[in-house]
2 protein chains.
Amino acid sequence: MAANILLVEDEPGIQELLKFNLTQAGHQVTAASDAEHALTFLKSTLPDVILLDWMLPGMSGIDLCRRLRSDERYQPIPIIMLTARGEERDKVLGLDSGADDYITKPFSPRELVSRIKAVLRRRAPQMTDDPVEINGLRLDPASHRVVGNGQPLELGPTEFRLLHFFMTHPERVYSRTQLLDQVWGDDVFVEERTVDVHIRRLRLALEPSRHAELIQTVRGSGYRFSAEVG
Amino acid sequence: MAANILLVEDEPGIQELLKFNLTQAGHQVTAASDAEHALTFLKSTLPDVILLDWMLPGMSGIDLCRRLRSDERYQPIPIIMLTARGEERDKVLGLDSGADDYITKPFSPRELVSRIKAVLRRRAPQMTDDPVEINGLRLDPASHRVVGNGQPLELGPTEFRLLHFFMTHPERVYSRTQLLDQVWGDDVFVEERTVDVHIRRLRLALEPSRHAELIQTVRGSGYRFSAEVG
DNA sequence: GCGCCGGTGTCATAAATCAGTCATACTGCT
DNA sequence: AGCAGTATGACTGATTTATGACACCGGCGC
């Protein structure tokens, strides 16, 4: 699960407490005390989740949230808003800032951690280590194993990540560029055609259990992982 | 199992009783009558488990628990809260304060001992001295012996701990860093590649009984202990 | 004190595996 | 047929892991 989390919270005590709890839950936490620091940090690093306090000195959490949502680069990052009791939940929701979830103080660390997991599962399923199974093809991130109809399949690191991404995002076409971003990482500079090669390697690896056809070519668009025919 | 236990309990009678029972069960017990004494003790020694009475003079058990949880040094130590009957409502609070378990007075010594064992197992399964056996490979922490298909195997201290960790955490990949943290300890600064060497030594040690293949390399990720093929 | 010894960590090197690129063959579509 | 997009096989440098050797350390007996 181990996610990189940006925590934006001005109150030192709460900041420490949350940082501690999240670290204990296996996450990597960076804390910022206001919107400015948060933005500065975001220029250099993209976290997996952002925890945003509603009340912040200077630019409020809501404003920051809106601003992040309007920037394509930050758009895919899940945001969880931290709100204090008394700030009517409905009101907060009504202001719809584009956050993925809201959580009201006081909350238990346990709840926060599970909300983070939930949000990750929704936005970036390949980050969780839940096993995935489709059509008899099973991939388990924890043990780093792939099994097709009971038969163990061998695949290299990149093919493993590629398959994991596909299995957590089935029935949808991804362009080569999107796959490079998602599976290789945004910062990598690689030929688009390289994707073809790894798709081929993945198909070869899945062939022994007849699962190669789950990887489908969509001419002119990219590739798709699908249990459907065609 | 022999764990070092810090018991924080203000009532002398109960303190004595618990101390006696736990000592009887083979544990090393240190008693503190309040949070201050507990903290003083903790500055010099880190126990394996902390038993914390909910009601304490001065700083309450819950506060102490929170405080301990906010200190990185004490973070990994399991805490069991002792609560009186009728404080049921506070049970949730106790858990949210970061305690690992709670137990309601009055309780039997037997129950307490088994909860301690359970908590240790959860936090650090390799700390208990229950024998582990997988695929004819048997490791007994109590006697510090490893036997493969009836044949005694010789392994050094580090290899023993490594194998113990693996056998208590099978079917899961661990990175070199994780293994260093878990088997060597967080405070050790050792080259990551050192893990490779010990993996090799462990494999050599397991070879005589053909158990070397239980230690599997997952390229790009780390190592895995598994009874499965591949 | 001295040398032996098992245990550890580090390194250099070999071996294994992988990633990315390219040239070329193939495919479907107009 | 011609074109654009894809598949495939081969190649090479790079990365990752395995292995053997070695130096260091603390304990121990002499």
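By convention in this document, chain letters (A, B, ...) are assigned in the order of the sequence lines, proteins followed by strands, and residues within each chain are numbered from 1. FYI, side chains are in, hydrogens and waters are out, and symmetry mates aren't considered; it's all heavy atoms of this structure. All of these numbers come straight from a predicted model, not from anything done at the bench.
The side chain of B:Trp184 contributes an N or O atom lying less than 4.0 Å from OP1 or OP2 of C:dG9. OP1 and OP2 of D:dT8 both lie 4.0 Å or more from every side-chain N or O belonging to A:Arg201. Side-chain N/O atoms of B:Arg176 include none lying less than 4.0 angstrom from OP1 or OP2 on D:dT16. Side-chain N/O atoms of B:Tyr223 include none lying less than 4.0 angstrom from OP1 or OP2 on D:dT16. The shortest distance between the side-chain N/O atoms of A:Thr217 and the OP1/OP2 oxygens of D:dA7 is below 4.0 Å. Residue A:Thr194 places none of its side-chain N or O atoms closer than 4.0 Å to OP1 or OP2 of C:dA19.
For the pair A:Leu214 and A:His211, the minimum side-chain heavy-atom distance is below 4.5 Å.
Between the side chains of A:Arg67 and A:Tyr74, not a single donor N or O lies within less than 3.5 Å of an accepting N or O. Side chain to side chain, A:Ser226 and A:Glu171 meet the donor-acceptor criterion of an N or O pair below 3.5 Å.
Atom CD in B:Glu192 sits roughly 17 Å away from atom C1' in C:dT8 (whole-Å rounding). For the pair B:His144 NE2 and C:dG7 P, the computed distance is 11 Å after rounding to whole Å. With rounding to whole Å, B:Asp196 atom CG is found 16 Å from C:dT8 atom P.
For residues 205-215 of chain A, the salt bridge (charged side-chain N to carboxylate O under 4.0 Å, His left out) pairs, not counting sequence neighbours, are A:Glu207-A:Arg210. Listed by first and then second residue, the ring pair (Phe, Tyr, Trp, His ring centres under 6.0 Å) pairs involving residues 112-139 of chain A amount to none (not counting sequence neighbours).
Nucleic acid contact class of B:Val195 (heavy atoms, under 4.0 Å, all strands): none. B:Glu154 comes within contact range of no nucleotide atom at all, as no heavy-atom separation falls under 4.0 Å. When heavy atoms are screened at a 4.0 angstrom cut-off, B:Glu159 is found touching the sugar-phosphate backbone but no base atom.
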With a cut-off of 3.5 Å and sequence neighbours excluded, list every side-chain donor-acceptor pair involving residues 197-204 of chain A.
unit_1: A:His198; atom_1: ND1; unit_2: A:Glu159; atom_2: OE2; d: 2.4
unit_1: A:Arg203; atom_1: NE; unit_2: A:Ile215; atom_2: O; d: 3.4
unit_1: A:Arg203; atom_1: NH2; unit_2: A:Ile215; atom_2: O; d: 3.1
unit_1: A:Arg203; atom_1: NH2; unit_2: A:Thr217; atom_2: OG1; d: 2.7

With a cut-off of 3.5 Å and sequence neighbours excluded, list every side-chain donor-acceptor pair involving residues 131-139 of chain A.
unit_1: A:Glu133; atom_1: OE1; unit_2: A:Arg138; atom_2: NH1; d: 3.3

Worksheet item: For every nucleotide of nucleotides 22-30 of chain C, 5' to 3': is a protein heavy atom under 4.0 Å from its base (B), only from its sugar-phosphate (S), or from neither (-)?
Response: B----BB--
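In this structure, of D:dA10, C:dG9, D:dT17, it is C:dG9 that holds the atom nearest to the side chain of B:Val190.
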Between N or O atoms, less than 3.5 Å apart, protein on one side and nucleotides 24-26 of chain D on the other: list the pairs.
none

Item to complete: Starting from the C-alpha separation in whole Å, work towards a yes-or-no answer on ring pair (Phe, Tyr, Trp, His ring centres under 6.0 Å) for A:His169 and A:Phe165.
Response: CA-CA 6 Å; A:His169 300 79; A:Phe165 174 77; 4.3 Å; yes
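Relative ring orientation between B:Phe166 and B:Phe225 is described as parallel, the plane-to-plane angle staying below 30° on a 0-90° scale split at 30° and 60°.
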